[in-house]
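See below for the structure under consideration.
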Amino acid sequence: MATTKAPDAGRRSDRSRRAIHDAALALVTEQGYRRTTIEGIAARAGVGKQTIYRWWPSKAAVLMDAFLDLAGRTAEDADGAPQPDGAASSGGSAPGFPDTGDLAADLKTVLRATVDELNNPVLEAVTRALTAEGIVDAKLGAEFVQQLLDPQLALYVTRLRAAQEAGHVRAEVDPRIALELLIGPLMHRWLLRTLPLTHAYADEVVDYAIGGLTPRA
């Protein structure tokens, strides 16, 4: 007598989670964060809302988890793509942050990649929604910083400290403040849409910032 294989609960859960993630991201893109509801996510994903509440305490938690998953998959896709000359990290560099010995070139590589991410239509709407909501929702804002921004900012700090040790950046420079000179202008232009966010602009930001970071004669 043939035996019936038991359903794979883990695989079913993975499918449900991915469906919920996709539904949350789609709805926020289509109608914004405030109009997105747990009920709407459940209906789009084809699950009961009790399933969502079993895994996440709130709509914000669902969207944050979905965004982190999307960002991770996007990063994996980017890692599999051909890298520009000099983009590969050398020994001792932070993961995901090049260290070719040329600080300006390395920063331009990373900021250009940041420009591409901010201009990516798949990521842009959700990033804007989380960023805007994080301004009025302190808890969500803190979670966004802790889970997404801080790990990325730590890579800048590591690279800038390596540059200090190599004598390419003044010893008294605070890396945490220095990285804000690089990232802040990009976020300002992107959030307020003052002017186009381009690779050329990213390069100029690096050139301007480096002029204030290099040792003084």
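Start at 1 with the first residue, then count along the sequence.
The aromatic rings of Phe67 and Phe144 are tilted relative to each other, their planes meeting at an angle between 30° and 60°.
Smallest separation of non-hydrogen atoms from Lys59 and Tyr33: NZ-O, 2.9 Å. Shown here for Ile41 and Ala23, the closest heavy-atom pair between the two residues is O-CB, 3.6 Å. Contact detail for Glu133 and Leu140: the closest heavy-atom pair is CG-CD2, 3.5 Å. Contact record, Leu111 with Leu182: CD1-O, 4.0 Å, taken as the closest heavy-atom pair. Closest approach of Ala104 and Val206 over heavy atoms only: O-CG1, 3.7 Å. Residues Gly101 and Asp106 share a closest heavy-atom pair of N-OD2, 3.9 Å.
For the atom pair CD of Glu143 and CG of Leu68, the computed distance is 8.0 Å after rounding to the nearest 0.5 Å. The CG atom of Leu63 sits 10.0 Å away from the CG atom of Leu27 when rounded to the nearest 0.5 Å. With rounding to the nearest 0.5 angstrom, the OG1 atom of Thr114 is 7.0 Å from the CD1 atom of Ile183. Taking OG1 of Thr198 as the reference point, atom CG of Leu186 lies at 9.0 Å (rounded to 0.5 Å). Within the model, atoms OG1 of Thr36 and CD of Gln31 stand 4.5 Å from one another, a figure rounded to the nearest 0.5 Å. Distance check: Leu191 CG to His188 NE2 gives 9.0 Å after rounding to the nearest 0.5 Å.
Evaluation of the salt bridge (charged side-chain N to carboxylate O under 4.0 Å, His left out) rule for Arg128 yields Glu124 as partners, not counting sequence neighbours. With sequence neighbours left out, His199 forms a side-chain hydrogen bond (donor to acceptor under 3.5 Å, both in side chains) with Asp116.
Tyr208 and Tyr201 fall into different hydrophobic clusters, where Ile, Leu, Val, Met, Phe, Trp and Tyr side chains are chained together by heavy-atom contacts under 4.5 Å.
Between the side chain of Trp190 and the main chain of Leu118, a donor-acceptor pair closer than 3.5 Å is present.
For the pair Glu180 and Arg176, the salt-bridge criterion is met [side-chain N within less than 4.0 Å of a carboxylate O]. With salt bridges taken as basic N to acidic carboxylate O contacts below 4.0 Å, none links Glu30 and Arg35. Between Arg112 and Asp203 a salt bridge is recorded (basic side-chain N to carboxylate O distance below 4.0 Å).
Counting only heavy atoms from C-beta outward, the side chains of Tyr53 and Val62 never approach each other to under 4.5 Å. Between His21 and Leu70, the closest side-chain pair of non-hydrogen atoms is not below 4.5 Å.
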Run the numbers on Val173 and Leu160 for side chain to side chain contact (heavy atoms under 4.5 Å, CB included), then give the verdict. CA-CA 9 Å; Val173 166; Leu160 289 167; over 6 Å; no

Worked verdict on Asp22 versus Arg44 for salt bridge (charged side-chain N to carboxylate O under 4.0 Å, His left out): CA-CA 9 Å; Asp22 291 345; Arg44 175 70 69 93; over 6 Å; no

Begin from the C-alpha positions of Arg18 and Asp69 and carry the test side chain to side chain contact (heavy atoms under 4.5 Å, CB included) through to its verdict. CA-CA 9 Å; Arg18 178 54 56 84; Asp69 178 64; 3.4 Å; yes

Evaluation steps, side chain to side chain contact (heavy atoms under 4.5 Å, CB included), between Tyr156 and Val110: CA-CA 9 Å; Tyr156 280 86; Val110 173; 3.2 Å; yes

Are Trp56 and Ile20 close enough, and set up right, to give a side chain to side chain contact (heavy atoms under 4.5 Å, CB included), and what steps lead you there? CA-CA 11 Å; Trp56 296 281; Ile20 292 167; 3.6 Å; yes

Name the atoms and distances for all side-chain donor-acceptor pairs under 3.5 Å in residues 148-155, with sequence neighbours left out.
none

